[in-house]
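Have a look at the structure below, then the notes.
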Amino acid sequence: MNNEHLDRKLGMDRRITRRDFLNGVAVSMGALGYASMPALASHLRNTSHHDAGFSANDPPALIGMRGTAPGAFDVAHALRDGTFWEGAASPIDTQEVYDLVVVGGGISGLSAAYFFRKYAGKNSRILVLDNNDDFGGHARRNEFHVAGRLLLSNGGTQSIESPSAYSHVAKEVLEDLGVQTKTFYKAYDQNLYARLGTACFFDKETFGEDRLVAGMGSTPWPEFLKKSPMPRKVQAEISRLYDEKTDYLPGISKEEKLAQLAKISYAQFLTDVCKADPSVLPFFQSYTHDLFAVGIDAVSALACYRNPDDYGAYQYAGFDGLNLGEEEDKEEPYIFHFPDGNASIARLLVRSLIPEVVPGHTMEDVVTARADYGKLDQASSSMRIRLNSTAVRAQHSGPPESAKHVEVSYVQEGKLKRVTGKCCVLACYNSMVPYLCPELPEKQKEALHYCVKEPFIYTHVAIRNWMAFHKFGIRQILSPGSYHSFTMLDFPVSLGAYQFPAKPEEPMVLFMLRTPCKPGLPRREQYRMGRYELIGAPFSEFERNIRDQLNRMLASAGFDSARDIAAITVNRWAHGYAYEYDSLFDPHWRPDERPCVVGRKQFGRISIANSDAAASAYTNAAIDQAYRAIQEQLRGV
Ligand SMILES: Cc1cc2nc3c(=O)[nH]c(=O)nc-3n(C[C@H](O)[C@H](O)[C@H](O)COP(=O)(O)OP(=O)(O)OC[C@H]3O[C@@H](n4cnc5c(N)ncnc54)[C@H](O)[C@@H]3O)c2cc1C
């Protein structure tokens, strides 16, 4: 079959994802002002609305390439490459003066605005700048409209993880916003999928044959593995690792065992400690993708032991006989999930800052509230959020110790502009900060560059029904050798007027995870290489792989990508999770020597927030860092 024929079979020619094409483009043109023509052309190809009748200014309803959308990063990359200022005109002075200018409109930047208003007064003049066409940073909302029905999903930040462990400050923010975590015990249907299990998809490139095997983790291992295309010897080895409760580290204390697990990867643990044949590794390789964005070659065995899978898709083999006892902190259930993930928290923050943007009053009504993006940046308002605006400079108007202002320059619609702030919070990425403030001390810049954010692809595919999953009796699929290493039915949450599609014949959103890692390299190197891959790949490459993989996994239960896919959104997070330190690759610093601490040091009227500043990829970290940054500024220089 030639490529064209194959593409037609996959449905690559279906117009559904490109309908109402120009709407999608119009909404994001601002982001492209400074972009090159090739970037514009790729944006035109990659982004679209999937249904007619929506306001052009409705970013969550855009499909195609989202997350870090094409065009949103060109200015920042020119800054990084040292080409931005070549021949640049002086910034246009907008004459706007604010009490606070925030760079970055993610949870941290929005929280910084929230804290400033809380402690410095509601009439404080605040501007938030963000380079994207939507607010929330990773906490982004994806909307689909299929067969007249609204389907929501989290473009990035998924859930409020372990809310009882949130700091007092972060808990108070949630409370102020009206989020009551106990609501999720009712909203999240913990029974709906109870009878649906996990499958593993063995692909022919890795395992010699395409085969989907259901019953992973729920049928005895020998029985489950017997159905796989893996050789008998490999099946027996994997069964042994799960079933034989051996103490592979005999004769040493629990503390010594933990110390040893910290020094080896999970792959080494399996082969060197459990003495498994290396042929078992491809089966386990992607277990760590979701939490660490790399495979088992680059995650310590200790980190695997301490971080069981949130989705309940798999368990790490080999730890049961080590007699390590129960981990002290019992995990809370992974149910604190708004239908659009933590985008609802971002939307609640925006509601508290500019109520007319997100109408309503409760955590329930925010789910279906339609945001009015036209009201984010009104001259009459003391609180403004300016999208499609990439900051390029944050500079004191004199020596940092005595300057009264910070001048923040940014590019919007191709124009270089300037605003003035009495103080400034950089709630963007650590690695961006040295380019915004080149006069920072060298040691601080070096520390900021240490953080290499972890790249992820969160793909959402709207399908016309989920009968194929129902027929297989599954809700999720691990696919260790495939382009996306994990696929699952969306979280079963109904909240407010939003009803989750509980029947198999209803349309559904599938979540698919890809981590573009490069096994064998050091962890941060894998992230760098993965990011290049993400930025270089066109939407059509993702789309072809998605359609092909879904067909290969599900066709035997009647699924047909060409017929059953209604829309695709690829959320590309080239700068995803904050880098978290790991015992395999990072030195054991004293707490105050960690790069995140050295890097976030206050610099006159500029403070640094964002989850990178905590080296912790969680919503609560983003909130806590915003609080610290604002407290620094309120205390003064
Ligand atoms: C795919 C994914 C899933 C996640 N899931 C969870 C989860 O389930 N639970 C959880 O607690 N955490 C999760 N996280 C972690 C998440 O990063 C944090 O929860 C938090 O949202 C980070 O917020 P932030 O504001 O610090 O950073 P970001 O969300 O990254 O926001 C920073 C913003 O600054 C913008 N920016 C950068 N440079 C500039 C510039 N020069 N000018 C203007 N704007 C700029 C960025 O584009 C971005 O919009 C997830 C992260 C990812 C990537």
Side-chain angles (χ1 to χ4, degrees), residues 31 66-69 72-73 75-80 84 101-113 127-140 154-163 165-166 170 290-291 293 310-311 334 336-338 341-343 345-346 349 385-394 408-412 425-433 435-437 451 453-460 491 511 513-515 571-580 608-626 629:
R66 300 293 295 152
T68 315
F73 48 80
V75 169
H77 286 179
L79 197 63
R80 173 202 64 193
F84 177 81
V101 177
V102 180
V103 176
I107 296 269
S108 201
L110 296 172
S111 301
L127 174 69
V128 175
L129 295 167
D130 195 280
N131 59 322
N132 291 289
D133 61 9
D134 202 349
F135 55 78
H138 300 146
R140 196 77 71 76
N154 57 290
T157 310
Q158 201 167 67
S159 301
I160 305 170
E161 182 144 353
S162 309
Y166 273 33
D290 165 45
L291 206 54
D310 278 333
Y311 305 120
Y334 195 67
F336 307 103
H337 179 89
F338 281 96
N342 288 6
I345 296 181
L349 278 165
I385 299 174
R386 191 162 295 165
L387 299 177
N388 300 314
S389 300
T390 307
V392 291
R393 195 83 169 89
V408 180
S409 305
Y410 63 96
V411 176
Q412 186 195 34
V425 167
L426 301 178
C428 43
Y429 316 134
N430 268 9
S431 58
M432 183 77 209
V433 175
Y435 300 110
L436 298 179
C437 303
C451 168
K453 275 181 165 304
E454 308 180 9
F456 277 99
I457 292 285
Y458 269 28
T459 294
H460 287 121
F491 295 91
F511 164 56
L513 172 80
R514 172 169 172 75
T515 57
N571 295 283
R572 171 177 58 181
W573 299 112
H575 299 269
Y577 285 0
Y579 182 75
E580 299 193 348
I608 295 165
N610 188 289
S611 52
D612 289 352
S616 173
Y618 292 95
T619 298
N620 49 321
I623 297 172
D624 291 345
Q625 292 306 314

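Starting from 1, each residue takes its place in the sequence as its number. Only heavy atoms go into these numbers, but all of them, side chains included; no hydrogens, no water, no symmetry mates. For ligands, and for the atoms within them, numbers begin at 1 and follow the listed sequence.
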Kindly identify the option in N131, I623, L110, T157 whose heavy atom sits closest to atom 44 (N) of ligand 1.
-> N131
Does any N or O atom in K453 lie less than 3.5 angstrom from one in ligand 1, N or O only?
-> no
Ligand 1-proximal atoms of A609, by part, heavy-atom distance under 4.0 Å | neither
Are any of the N or O atoms of Y577 closer than 3.5 Å to those of ligand 1?
-> no
Determine, considering heavy atoms only, which of D130, V102, V75, V128 sits nearest to atom 49 (O) of ligand 1.
-> D130
What protein heavy atom sits nearest atom 37 (C) of ligand 1, and how far away is it?
-> C428 CB, 3.3 Å
Taking all non-hydrogen atoms of both residues into account, name the closest pair between C437 and R393 and its distance.
-> CA-NH1, 4.0 Å
Hey, are D130 and R386 close enough for a salt bridge, meaning a charged N less than 4.0 Å from a carboxylate O?
-> no
Of the side chain and backbone of W573, name the one, both, or neither that has a heavy atom under 4.0 Å from an atom of ligand 1.
-> side chain
Polar side-chain atom of N571 near backbone of R66 as donor-acceptor pair, under 3.5 Å | no
State, to 0.1 Å, how close L129 and A391 come at their nearest heavy-atom pair, and which atoms those are.
-> CD1-CB, 4.5 Å
For ligand 1, is there an N or O atom under 3.5 Å from any N or O atom of N610?
-> yes
Under the ring-ring contact (aromatic ring centres under 6.0 Å, His included) test, residues paired with F456 that sit two or more places apart | Y577
Output the distance between atom CG (N131) and atom OH (Y410), rounded to the nearest 0.5 Å.
-> 14.0 Å
Below 3.5 angstrom, do we get any N/O pair linking A391 and ligand 1?
-> yes
Atom of T515, atom of A293 and distance for their closest heavy-atom approach | CG2-CA, 3.7 Å
Any W573 side-chain heavy atom under 4.5 Å of I457 side chain = no
Could you tell me which non-hydrogen atom of V128 sits nearest to which non-hydrogen atom of G104, and how far apart they are?
-> CG1-O, 3.7 Å
So, for D624 and A170, which heavy atoms are closest and what is the spacing to 0.1 Å?
-> OD1-CB, 3.7 Å
Would you please test N610 and S108 for side chain to side chain donor-acceptor pair (under 3.5 Å) and show each step?
-> CA-CA 5 Å; N610 188 289; S108 201; 5.9 Å; no
Kindly confirm or rule out an N or O of N342 lying under 3.5 angstrom from an N or O of ligand 1.
-> no
Considering only non-hydrogen protein atoms, determine which one is nearest to atom 22 (C) of ligand 1 and report residue, atom name and distance to 0.1 Å.
-> S611 OG, 3.6 Å
Near Y618 (heavy-atom distance under 4.0 Å), the atoms of ligand 1 are 10 (C), 11 (O), 12 (N), 18 (C), 19 (O)
Which protein heavy atom lies closest to atom 12 (N) of ligand 1, and at what distance to 0.1 Å?
-> A617 O, 3.3 Å
Under 4.0 Å from a heavy atom of Q158: give me the atoms of ligand 1 that qualify, with their elements.
-> 5 (N), 6 (C), 7 (C), 8 (O)
Ranked by distance from atom 29 (O) of ligand 1, the top protein heavy atom is H138 N, 2.8 Å
Ligand 1 and S108, any nitrogen or oxygen pair closer than 3.5 angstrom?
-> yes
Consider every N or O of I107 and every N or O of ligand 1, then say whether any pair is closer than 3.5 Å.
-> yes
Atom indices of ligand 1, in the order listed, that fall short of 4.0 Å to a heavy atom of G576 | 53 (C)
Can you tell me the protein heavy atom closest to atom 11 (O) of ligand 1 and the distance?
-> T619 N, 2.8 Å
Which residue owns the protein heavy atom closest to atom 9 (N) of ligand 1, what's the atom, and how far is it?
-> S159 O, 2.8 Å
Heavy-atom contacts under 4.0 Å between S389 and ligand 1: side chain, backbone, both, or neither?
-> backbone
Quick note on ligand 1: atoms under 4.0 Å from a heavy atom of Y334 include exactly 8 (O)
Which atoms form the tightest heavy-atom contact between T157 and N154, and what is the distance?
-> O-CB, 3.6 Å
Could a heavy atom of E161 be found less than 4.0 Å from some atom of ligand 1?
-> no
Straight-line distance of N342 CG to H138 NE2, nearest 0.5 Å = 12.0 Å
Go through the structure and list residues passing ring-ring contact (aromatic ring centres under 6.0 Å, His included) with Y618, not counting sequence neighbours.
-> none
